[in-house]
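Shown next, in structure tokens, is the structure this report addresses.
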Amino acid sequence: MGELFERFHSFLNIHAAYHQARKGKRGKASVAAFEYNQEEELITLRDELASGAWRPGAYANFYVHEPKKRLISAAPFRDRVVHHALCNILEPDWERRFIFDTYANRKFKGTHRAILRASEFAKKFKYVLQCDFEQFFPSIDHAILREKIAAHLDDERLMNVADLILQSGRGVQTEIYQTKYFAGDDLFSATRPRGLPIGNLTSQFWGNAYLCAFDYFVKRELRAEGYVRYVDDFLLFGDDKATLQTWKEKILQRVSNLRLTLHEPQVFPVHTGIPFLGFRIYPTHRRLKQRRGIAFQRRFRHLHKQWVARTVERKDLDDSARSWSAHAAWGDTYGLRRSVLSKYLL
């Protein structure tokens, strides 16, 4: 008891978390200001965590519109260091619990491995049940999540830190969330604390923890051999359409226990193509979704104009082209990549 908390607020862990949090963000003013006095900042943060004096700061909220409109909540940089420090301690234990076929926010997993796994199942099975949660992060119920975290965390002080982060996100997604009622609800159910800020590392980690038991339900109770989940999108594969329809009804009931809902699940043959993570997956090949290609061309056209006007560097243009090309290359997109990028002198 207490060993985890000691490891959590150790300078070694705080320093490692600082390097993780600043990765790819050193050009931002808040990160640069922290880095300027990093030793003093890290010691102060360590002491606040050790004494229990640390409290989360206010979020900076903004919207992004691709691929769909989402409210992003950015915590202050020093809070993001705390998020990394907490995940460094908690994630290894949870990682042993997660099933193989959940791919978001895990080491050696990610979008492309999920796409490859879905392609593998598309070759083996005739049908697919496609599901995705409605408003996943805004819908996550704090009481249910806290129970799941506390069940595997025998350290009161570390649980207090988790509670502070959880409570700091209360109300952040209120305007986004559309109230849902479930069996047995009363008039006060609409005021239940819910929602995780999209942008927190802890939110991504806790999203997997929230659905961990659901993943086991799919694998052990439904006995689905083909199953892939990436955050709130998941696919179940099978050779019998009726079985998938039965699974659909059982899944709808199970997710309601988590106070979650699904967009209408669909069962269809895999040969018609499976829309998943920006691609359309067929048994023999993959295509990039058209709107993803259009969205990149719009962004890249704007970036190219900025480069011509000398308001961005050539490196920014090259990095954008390489990044998109590398992602699109996971599909059969050679002609598309050549057509899009040949319009510009790179």
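Classification of the Phe296-Trp324 ring pair by plane angle, with boundaries at 30° and 60°, yields parallel.
Separation of atoms CZ (Arg96) and NE2 (His152) is listed at 11.5 Å; rounding is to 0.5 Å. The distance from atom CZ of Phe300 to atom CD of Gln306, rounded to the nearest 0.5 Å, is 11.5 Å. Once rounded to the nearest 0.5 Å, the distance linking CZ of Phe205 with CG of Leu196 reads 12.0 Å. If you take CZ on Arg117 and OG1 on Thr102, they are separated by 12.5 Å, rounding to the nearest 0.5 Å. Separation of atoms CZ (Arg146) and CG (Asp163) is listed at 4.0 Å; rounding is to 0.5 Å. The distance from the OH atom of Tyr127 to the OG1 atom of Thr243 is 11.0 Å, given to the nearest 0.5 Å.
Panel note: side chain His9, backbone Asp47; no donor-acceptor pair is recorded below 3.5 Å.
If you chain together hydrophobic residues whose side chains sit under 4.5 Å apart, Leu288 and Tyr230 fall into the same group.
At least one side-chain heavy atom of Phe136 sits less than 4.5 Å from a side-chain heavy atom of Leu211. Counting heavy atoms from C-beta outward, Ile198 and Leu71 have side chains that stay 4.5 Å or more apart. In this structure, Leu252 and Pro265 have side chains that are in contact, with non-hydrogen atoms separated by less than 4.5 Å.
A salt bridge is absent between Asp215 and Arg97; no separation between the charged side-chain nitrogens and carboxylate oxygens falls under 4.0 Å. Electrostatic pairing of Lys28 and Glu35 does not count as a salt bridge here, judged by no charged N lying under 4.0 Å from a carboxylate O. Using a cut-off of 4.0 Å between Lys/Arg side-chain N and Asp/Glu carboxylate O, Lys124 and Glu225 are scored as not salt-bridged. Look at Arg113 and Glu120 and you find no salt bridge, because none of the NZ, NE, NH1 or NH2 atoms lies under 4.0 Å from a carboxylate O. Look at Glu134 and Lys180 and you find a salt bridge, because one of the NZ, NE, NH1 or NH2 atoms lies within 4.0 Å of a carboxylate O, short of that distance.
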| said: Test side chain to side chain contact (heavy atoms under 4.5 Å, CB included) on Phe237 and Ile274; report intermediate values, then the result. | reply: CA-CA 11 Å; Phe237 294 82; Ile274 308 164; 3.6 Å; yes

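Applying the side-chain hydrogen bond (donor to acceptor under 3.5 Å, both in side chains) test between Asn88 and each of Gln20, Arg7, His83 identifies Gln20 as the sole match.
Between the side chains of His327 and His112, at least one donor N or O lies within less than 3.5 Å of an accepting N or O. A side-chain donor from one of Arg286 and Ser119 sits under 3.5 Å from a side-chain acceptor of the other. Side-chain atoms of Asp101 and Tyr103 form a donor-acceptor pair, as typed in the model, at a separation below 3.5 Å.
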